[in-house]
Protein chains: 2
Amino acid sequence: MPGETKERVLAVATKLGYQPNKIARGLITGRTRTIGVIAGDISSPFYAAVLRGISDVVEGHGLGMLITNSDETLDREVAATKLLRENQVDGLIVSPCDVADSPHLREAVKAGMPMALIDRKVRGLLVDTVAVENVQSSRDAVRRLLMAGHRRVGIIAELATDETRLKDFLAAAKNQPPEGLQLLSTSWQRLAGYLEAHRAFGLEVDPNLILAVNGHSALAAQNAALVALTKNPRPTALFCADGLMSVGTMATISAKGLQVPSDLSMICFDDLDWMTFVGPGIDAIAQPRRRLGRAAARLLLARIGEAQGAPRDIRLSPRMIERGSLRSIR
Amino acid sequence: MPGETKERVLAVATKLGYQPNKIARGLITGRTRTIGVIAGDISSPFYAAVLRGISDVVEGHGLGMLITNSDETLDREVAATKLLRENQVDGLIVSPCDVADSPHLREAVKAGMPMALIDRKVRGLLVDTVAVENVQSSRDAVRRLLMAGHRRVGIIAELATDETRLKDFLAAAKNQPPEGLQLLSTSWQRLAGYLEAHRAFGLEVDPNLILAVNGHSALAAQNAALVALTKNPRPTALFCADGLMSVGTMATISAKGLQVPSDLSMICFDDLDWMTFVGPGIDAIAQPRRRLGRAAARLLLARIGEAQGAPRDIRLSPRMIERGSLRSIR
DNA sequence: GTGAAAGCGCTAACAC
DNA sequence: GTGTTAGCGCTTTCAC
């Protein structure tokens, strides 16, 4: 009567609504199928989007995600590291609050904890690090506008510093991507993406359509947008290099009685992680922050060795009934 | 030689960077000191803020937080419930995707899982539920403006439906809070808060300053704000009933060449969970979403019985050395 | 295939 | 106090 026992066990299991205990499994396998994340502040648009990216791939693999906030303070980051290690997470994604040498992280790595860093490197920590792909994401965004047929695309970007620098930059970028992009501030990187998209289409860039806002405020952006929209011929689309630029630009668009997307298209590289798009023929969004999170998670899982895949079902035994362990919640 | 053994154990423990294994502890105590959260989408401003509130109190108690996204779909909510139960979380905070009878949640509760619901009740589930305190939060916000000395405070709110309803509502709210507020849509609840604040100060409300936008769009709000700002005398402060209203209002303010807070004060009940404040003498923010998360977490922890407090330190024994179990990561 | 036994790192209960 | 023991629910190994 071999099959009979099996059925009896199965019957009891389903009747009791049995759910396997991953905690117990983790004790013996040494893997919890849970990763830990130390974010600065979940409620900030940046981290919210990054976390979503992480959770996309983590949940996709059937793993869990333990999240903590550091509020960008070292104390809380140390406490979070401790909490997560005690919880035996299989890996750690950290958005470090400081680039200085961090003993708590170094020690975790030394102890064999797989780790990926977000947005910042930490001195002396040789682990995978991901940061926003400003150039590529901007290039993708502007490419969408060009593919939709736009030929006069304005860019509203901070681009602090003097006129000459902009001229030099445009000259340097005329035929190939300028060097040392990683060292530039974000708005310059995003301008580089804008230029690259045009180059890929074999299009000349009209310098008049490159609006250096010179100041990181919505009001300054508003003025820049006003200048852009009075050019002749008027740009048919705008690319805003960040969320604040976009707010100011929208104000101008409204004030002029224009409507997006009927009168002009607009794409914004924004902190909410929507390439707030807009315009006919433009159907996708880039989500650079979310992609950043996904990249970090993928790197981490690769290092953890997710190749092993999902664990197999647990093997039920008659003794589990005798010992009354077929229950999920105690 | 009793003390000697203890020291030897302690020495080995610190040398190896020993960290207790909460997973093993959880196996025997039956409590993991981790709660599970099922959010709709972490990256939305609403959930991001709510989650931060939850994490505030959860981390404050030294617990962990396992987060999942349901994307407001039943399938994913069911899967998330399963994942979290398998991980033996001590409690569940769910933002249910559907008010319809949900067997997976009902079953979890039946199995003894402590649960708190966010923003929506589920039919047949008798568990604590928290929702945004629209009336109270708006009242607080407007009170701040009144306390700062403002006597002409405009409100920009959707308030869909006809003129008569607004008149009736104002009449009904003249001397006491109108009844059945819970059944009203959010913008009406926020108007009620606005009125309550005025009542508490013994101030008459000028109906001219109540702008019913009639349409949930930034453009409609922009027009309403234009009307508000041309009233004579001009309002010295504005209360925007939601984030979109605020975007439209800001556009008008910019277009008129006004500046916040030098020319007028403004508070916005916004989705980013900042009562975006603004103006001299106004120094605090209300954070209704974050407070919602905190409330949910506190209710849940009370139900879990966090009164028991943090567990004591683990007791180290010589056998742990013999068996080589004094290590944190394997 | 099916059953039994050992043991993951800890706690609780009981010895001394 | 300090030391030992059993056992939480599972996986692994080995026996049948």
Side-chain angles (χ1 to χ4, degrees), chain A residues 1-14 16-34 62 64 82-90 111-113 305 308-330, chain B residues 1-14 16-34 62 64 82-90 111-112 308-330:
Chain A
M1 50 207 83
E4 192 204 329
T5 336
K6 181 174 180 179
E7 274 174 31
R8 196 164 53 90
V9 177
L10 242 38
V12 176
T14 55
L16 265 52
Y18 167 76
Q19 305 212 194
N21 183 336
K22 284 203 177 176
I23 252 58
R25 160 175 282 178
L27 189 54
I28 173 90
T29 58
R31 324 178 78 237
T32 50
R33 297 186 63 76
T34 298
K82 181 164 176 287
L83 178 81
L84 296 173
R85 287 187 67 186
E86 286 179 354
N87 277 286
Q88 311 297 123
V89 293
D90 290 343
M113 175 70 79
Q308 298 175 23
R312 56 166 187 254
D313 285 351
I314 73 153
R315 191 175 145 205
L316 300 167
S317 80
R319 287 199 59 200
M320 295 173 75
I321 296 186
E322 293 162 27
R323 298 167 56 174
S325 60
L326 277 192
R327 60 192 162 190
S328 51
I329 311 265
R330 315 194 309 165
Chain B
M1 50 209 81
E4 193 205 326
T5 336
K6 180 173 180 179
E7 274 175 31
R8 195 166 52 92
V9 177
L10 243 37
V12 177
T14 54
L16 266 52
Y18 167 76
Q19 305 213 192
N21 183 335
K22 283 203 178 175
I23 251 58
R25 161 176 281 179
L27 189 55
I28 173 90
T29 59
R31 323 179 78 238
T32 50
R33 296 186 63 77
T34 298
K82 181 163 175 290
L83 177 81
L84 295 174
R85 288 186 67 186
E86 286 179 353
N87 276 288
Q88 311 297 121
V89 294
D90 290 343
Q308 298 174 24
R312 55 165 188 255
D313 284 351
I314 74 151
R315 192 175 144 203
L316 299 166
S317 80
R319 287 200 58 200
M320 294 173 75
I321 297 186
E322 293 164 27
R323 296 167 58 175
S325 58
L326 277 192
R327 62 193 160 186
S328 50
I329 310 269
R330 316 194 309 163

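Just so you know, these numbers use all the heavy atoms, side chains as well, and skip hydrogens, waters and symmetry mates. Labels below follow one simple rule: chain letters A, B, ... track the order of the sequence lines, proteins then strands, and each chain is numbered from 1.
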Is any side-chain heavy atom of N87(A) less than 4.5 Å from a side-chain heavy atom of R33(B)? no

Between dG7(C) (C1') and L27(B) (CG): distance, integer Å: 12 Å

Starting from C1' on dC8(C), measure out to CD1 on I28(B) and report it in whole angstrom. 13 Å

Given atom CG of N21(B) and atom C1' of dT11(C), what is their separation to the nearest angstrom? 13 Å

Side chain to side chain donor-acceptor pair (under 3.5 Å) partners for T34(A), two or more places apart: none

The reported gap from OG1 in T32(A) to CZ in R25(A) (rounded to nearest 0.5 angstrom) is 12.0 Å

Please report the closest heavy-atom contact between G62(B) and K22(B), naming both atoms and the distance. O-NZ, 4.0 Å

When rounded to whole Å, the CD to C1' distance for the pair E86(B) and dC10(D) reads 13 Å

What's the CZ-P distance between R31(A) and dG9(D), to the nearest Å? 23 Å

side-chain contact (heavy atoms from CB on, under 4.5 Å) between K82(B) and Q19(A): does it pass, once the steps are laid out? CA-CA 8 Å; K82(B) 181 163 175 290; Q19(A) 305 212 194; 4.0 Å; yes

Rounded off to whole Å, could you give me the NZ-to-P distance for the K22(A) and dC8(C) pair? 23 Å

Distance in angstrom units between R25(B) CZ and dC8(D) P, rounded: 19 Å

Over the length of the helix from dG1(C)-dC16(D) to dC14(C)-dG3(D), how much do the five-pair end axes diverge, rounded to 10 degrees? 40°

Restricting to non-hydrogen atoms, name the atom on N21(A) and the atom on I23(A) that form the minimum distance, rounded to 0.1 Å. OD1-N, 2.8 Å

